[in-house]
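These notes are about the structure you will find just below.
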Amino acid sequence: MPSRPIHRWKSFWLGILILLFLGWAWHRSYGDFDQIGFMAANASWTVLSTDSTVTLALMYPAGFDWSYIPRSPSLPIEFKTFKQPGFAVRICHLAHWFLILLFLIPWTAYLTWRHQRMKRQAPGTAEP
């Protein structure tokens, strides 16, 4: 019995859903500004999506405000640190296309590996 076709795998459809979500988030970031954050006693974390970029920011101590600084368009990853008396902000910018690539490469490798493994283990398909 031959192995199941790839379009019947749960891992294939889960990957498609993740790619659709990342593509939707990339498209939405062109005109909208989405932000989520967490504040503790001594630091705050912020994740925001705008200008085709996902930005991760760590601010300590918490409670200070900072202005969004866009990433350089030529770099997929950019790290910045701003220090002023009393507080500091560390920022990491990631391009949306880079996030999609970071997902697409291992997902494709996994699907290829799984297909090869299933092909070897399927009865009646052994090579002479």
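Since we're looking at a predicted model, the values are computed, not measured.
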Output a table of donor-acceptor pairs, distance under 3.5 Å, between side-chain atoms of residues 5-24 and any protein atom two or more places apart or on a different chain; print 'none' if there are none.
residue: Trp9; atom: NE1; partner: Arg4; partner atom: O; Å: 3.4
residue: Ser11; atom: OG; partner: Arg114; partner atom: NH1; Å: 3.2
residue: Trp13; atom: NE1; partner: His7; partner atom: O; Å: 2.5

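Between Phe79 and Arg90 the shortest side-chain heavy-atom distance does not fall below 4.5 Å. Side-chain contact between Trp26 and Leu99 is absent, with no heavy-atom pair separated by less than 4.5 Å.
The structure places CZ of Arg120 at 11.0 Å from NE2 of His115, a figure rounded to the nearest 0.5 Å. For the atom pair Tyr30 OH and Asp51 CG, the distance stands at 10.0 Å (nearest 0.5 Å).
Atom CD1 of Ile36 sits in a sparse spot, with 12 or fewer heavy atoms from other residues, nucleotides or ligands closer than 6.0 Å.
In this structure, Leu58 and Ala43 approach most closely via the heavy-atom pair CD1-CB, 4.0 Å. Here the closest heavy-atom approach between residue Phe103 and residue Pro106 is recorded as O-CD, 3.3 Å. The two residues Thr55 and Thr53 have their closest heavy-atom pair at OG1-CG2, 3.8 Å.
Residues forming a side chain to side chain donor-acceptor pair (under 3.5 Å) with Thr112 (at least two apart in sequence, or on another chain): none. Not counting sequence neighbours, Trp107 has no partner by the side chain to side chain donor-acceptor pair (under 3.5 Å) test. Among residues two or more places apart in sequence or in another chain, the side chain to side chain donor-acceptor pair (under 3.5 Å) test is passed with Ser49 by His96. Listed by chain and number, the residues in a salt bridge (Lys or Arg N to Asp or Glu O under 4.0 Å) with Arg28 are Asp32, Asp34 (sequence neighbours excluded). Among residues two or more places apart in sequence or in another chain, the ring-ring contact (aromatic ring centres under 6.0 Å, His included) test is passed with Phe98 by none.
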